[in-house]
Structures are given as structure tokens and as C-alpha cells.
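One structure is given below, encoded as C-alpha cells.
Each ligand, and each atom within it, is numbered from 1 in the order the structure gives. Residue indices begin at 1 and follow the sequence shown.
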Amino acid sequence: MYPIMKKILFRMDPEVAHEWTIRSLQLLQQMPFLAKSIQQKWEVRHPSLSSQVAQHSFPNPVGLAAGFDKHANVYPALAHLGFGFVEVGTLTPRPQSGNARPRLFRLPEDQAIINRMGFNNHGVEDAVHSFQTLPRPTIPIGINLGKNKDTPNEQASQDYTIGLQTLYPYGDYFVINISSPNTQGLRDLQEAKALEKLLTDILQTRDRCIQSHQVKKPIFLKIAPDLTEEQLIEIMEIVLHTKMDGMIATNTTLSREGLLNQVSSHETGGLSGRPLTSRSTRWIAEIYRFTQGKVPIIGVGGIFTAEDAYAKIRAGASLVQVYTGMIYQGPAVVKQINQGLVKLLKRDGFASVQDAVGVDVSI
Ligand SMILES: Cc1cc2nc3c(=O)[nH]c(=O)nc-3n(C[C@H](O)[C@H](O)[C@H](O)COP(=O)(O)O)c2cc1C
């Protein structure tokens, strides 16, 4: 059915198509019978797919990346599409409208998207309301946190702290997003001194949350693919020494290398999809090698097929996420990837995803 829907959606302005999709998912949330039957059709249950990562059980390793459910209001519907986990956000303390439209562009020849959304979201209080009123899915829900556009970098840790404290009861894991290219200066927080301070503050806040809620929730750091090797090493040293729980590699890229599309490739913003596939897999392998497999990695960037997901797992990712692949191939991509992974694991003699993590990397 998606080829027909895609024809309709791809005739619309990309952001209108997204809003239309979100409204359809909200409708689905009001039809639990339909949602259940979709889940039964699309969910792939197989013992080789389930795993334990950062103290959570994942029924399969394929998650939805941040930026789709920006306001955390359709994650229950998304949980019915066969994902092993869903990440919501990026959420900022105060609501903000993001950059001026148009800010989302399709590059079909490249199977890619450029976005400069700029953390448009309804803010953390609105998300609390969603979490308190919507049904809780059985899969893990990650919450991706950012800072407001008008918060100076020197005060960034306050914004992440507010996000973490306010949403702590509702996320199964949290993500510190300092790698979006669409909030001016945000990526400067990846610089060693700023990052060390930021993560130290955030982990102190987490300690206070553990005291008050009696539960430790893992925190991942999401990085950009446009770092130099030296920058990546500095970041990993800080991640190891501050004892962050994991990393997400990667966010969108500023690179425009090798694009075929002539219409939108000049647009500013982050590029995602096929052009990012091998770049993000390389970063995953680098992180896995440097951290000697001690830091769980969520691999994201240009996953369209089971082979793409498997390459990231073999490079060191314990879990993977998709976004652009779902725009081009529809939600059935999740089932295709999971079914394909079962076959690839079996072909190579692995009893589980966990057994295949990092096998292509010598440490
Ligand atoms: C339209 C759009 C919006 C996004 N918004 C966010 C966001 O708010 N926070 C974030 O961490 N990543 C965001 N991302 C990045 C994705 O989570 C992902 O890291 C990136 O797109 C690479 O994966 P993909 O090639 O499968 O799309 C966004 C991506 C797209 C395409």
C-alpha cells in the first residue's frame, strides 16, 4: 500500500506530508483494534533479535530515530509499527517554533533528505502531559533532549538539566543532543572543555534523579558525523571518563559530497539518508574500536535494508535506528529489516544480534 501512499505524500510539501502522517498516527491511537492488528502484521518476534542493552530489554534492534515524533505525541502509534524502540524529541525546556519554512527538502535521486527544522517542539511540559495521558507502549521509549535556541551555550547545561529532571520518570533512556546542525553554535558543545562541563553537570543531575526516583536511567550522547578524528577521540575520552552510558552515531551531515540532486542540494541544513550510510558506519567502527566495545552504540544514518543495519551491527552498534529509510520505503521497512536480520544472523552462525556486535572490528 505504501507505493500508492508515497505517490500522494511525495506530491505534498514534505512538511505538510509529515503533519498529515502525524495526524494519521493520532487517529490510529484512537483505534486500538486496528493498531493491534497492524502490530500483529508488522512485528517480527524472533529470539535472535531480542537483546539487553543499557539495562533494558529490546524485542528487536530496530528503533525510530529522533526528529519524527518531535512533540512526543504519537509514540504509542509508532510502537505498533514493529519498532524495537522509539526515540522522541528533540525536546527543549520551552516550546519553540523552529526555523522559517520551507525547512525540509527531499532529494529523491539521492534517497536523502535535507532538514533545517531547528528543534521545533512543544516543550517539555507539553510532553509531560502526553506521557501522563497516552498509553505506555511495551517497547523502550527514549527521550532526546536539546537546548532552546535563545539559551547561550554557557547556560546550555541548565536546559539539559531541566529536560532530564522534568522528563526523568517517563523515558527509558535519555539522549543528549549536541549534534544538530540547525541550532546555531550547538555543535560547539562537542568541543572538549564545554563537553566535559556539560556532561559532568548532566550526570550530577542524573544522580539527584536517581535519589528521588530510585531508578538509574541510561544517558546516551548523540554525535555528528562531521567531526575530525581528533575531535572524536577527545569526545570518546570524555564519554569514558565521565561514565556516560552510550553513544548514538550519527546525526545528519553538513557534507554535500557526491549528491545527484540539483534542485535542493544547495539548501542549508543536515543531510540524512543514503549519502550518510557508510560515513556513519565508519564512525561506529571508530567508536567501537576506541572504546573496546565497552560503550553501547546506537547506530543511525542511511539504513534502508537489513544489510545496512547488519553492517552497522557488525561495526559495533548494539541497536540501530531509521528515519529517512522509512520516508522512502514506508513503515514496512522495519519488518523487512528485522526479517532480513534474522536470515543474515542465521547465515553467519550467530545465535543473537549481540553475538554479531563489532565482529568486523579488531580491538
Ligand atoms: C526531518 C528530520 C528531523 C530530525 N530531527 C532530529 C532531532 O530533532 N533530533 C535529533 O537528534 N536528530 C534529528 N534528526 C536526525 C535523525 O535522528 C538521524 O540521526 C539522521 O536523520 C540519520 O538517520 P537517517 O539517515 O536514517 O535519517 C532528524 C532527521 C530528519 C530527517
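- Among Asp360, Ile297, Leu341, Leu345, the single residue meeting the side chain to side chain contact (heavy atoms under 4.5 Å, CB included) criterion with Ile313 is Leu341.
- Across Glu109 and Asn261, no two heavy atoms sit closer than the pair OE1-ND2, 2.8 Å.
- Interface atoms of ligand 1 facing Leu104, defined by a heavy-atom separation under 4.0 Å, are 1 (C).
- At a heavy-atom cutoff of 4.0 Å, ligand 1 is contacted by the side chain of Lys222 but not by its backbone.
- Atom 15 (C) of ligand 1 has as its closest protein heavy atom Asn251 OD1, 3.5 Å.
- At a 4.0 Å heavy-atom cut-off, ligand 1 touches Asn177 through the side chain alone.
- The only option from Thr200, Thr205, Asp201, Thr151 that meets the side chain to side chain donor-acceptor pair (under 3.5 Å) definition with Ser157 turns out to be Asp201.
- In terms of the ring-ring contact (aromatic ring centres under 6.0 Å, His included) criterion, residue partners of Phe220 (sequence neighbours excluded) are, by chain and number, Tyr173.
- The shortest N/O to N/O separation between Gln321 and ligand 1 does not fall below 3.5 Å.
- Within the 4.0 Å heavy-atom shell around ligand 1 one does not find Asn121.
- When non-hydrogen atoms are compared, ligand 1 lies under 4.0 Å from neither the backbone nor the side chain of Ile248.
- Here the options are Asn153, Thr92, Thr90, the test is side chain to side chain contact (heavy atoms under 4.5 Å, CB included), and the partner is Lys147; only Asn153 passes.
- Shortest contact from atom 6 (C) of ligand 1 to any protein heavy atom: Gly67 CA, 3.4 Å.
- Side-chain contact annotation: Thr183 with Lys149, donor-acceptor N/O pair under 3.5 Å absent.
- In the vicinity of Asn144, heavy-atom distances shorter than 4.0 Å reach the ligand 1 atoms 10 (C), 11 (O).
- Heavy-atom minimum distance, Gly301 versus Leu276: CA-CD2, 3.8 Å.
- Here is the list of ligand 1 atoms found below 4.0 Å of a heavy atom in Gly301: 22 (C), 23 (O), 25 (O).
- Of all heavy-atom pairs between Pro76 and Pro137, the closest is CA-CG, 4.0 Å.
- Heavy atoms of Leu276 found under 4.0 angstrom from ligand 1 belong exclusively to the side chain.
- Using a 4.0 angstrom heavy-atom cutoff, Gly273 counts as in contact with ligand 1.
- Checked against a 3.5 angstrom limit, the closest N/O atoms of Asn115 and ligand 1 fall outside it.
- Protein heavy atom in closest approach to atom 31 (C) of ligand 1: Ser272 OG, 3.5 Å.
- Taking the centre and axis of the six-membered ring of Phe10, the NZ or CZ atom of Lys6 falls inside the cone set by 45° and 6.0 Å.
- Lys217 forms no cation-pi arrangement with Phe174, by the criterion of a distance under 6.0 Å to the ring centre and an angle within 45° of the ring axis.
- Taken to the nearest 0.5 Å, the CD atom of Gln52 stands 11.5 Å off from the OG atom of Ser352.
- Close N/O approach between Ala66 and ligand 1 is found [any backbone or side-chain N/O within under 3.5 Å].
- Here the options are Leu344, Thr305, Ile303, Val320, the test is side chain to side chain contact (heavy atoms under 4.5 Å, CB included), and the partner is Tyr310; only Leu344 passes.
- For atom 27 (O) of ligand 1, the closest non-hydrogen atom of the protein is Thr324 OG1, 2.5 Å.
- Residue Tyr75 forms a ring-ring contact (aromatic ring centres under 6.0 Å, His included) with just one option from Phe83, Phe131, Phe68, Phe85, and that option is Phe131.
- Considering backbone and side-chain atoms alike, Gly302 places an N or O below 3.5 Å from some N or O of ligand 1.
- Near Val300, the atoms of ligand 1 lying under 4.0 angstrom from a non-hydrogen atom of the residue are 18 (C), 19 (O), 22 (C), 23 (O).
- Distances between N or O atoms of Lys70 and those of ligand 1 include at least one value under 3.5 Å.
- In terms of protein heavy atoms, atom 20 (C) of ligand 1 is closest to Thr252 CG2, 3.8 Å.
- Protein heavy atom nearest atom 7 (C) of ligand 1, with residue, atom name and distance: Thr90 OG1, 3.4 Å.
- Of all protein heavy atoms, the one lying nearest to atom 26 (O) of ligand 1 is Tyr323 N, 3.1 Å.
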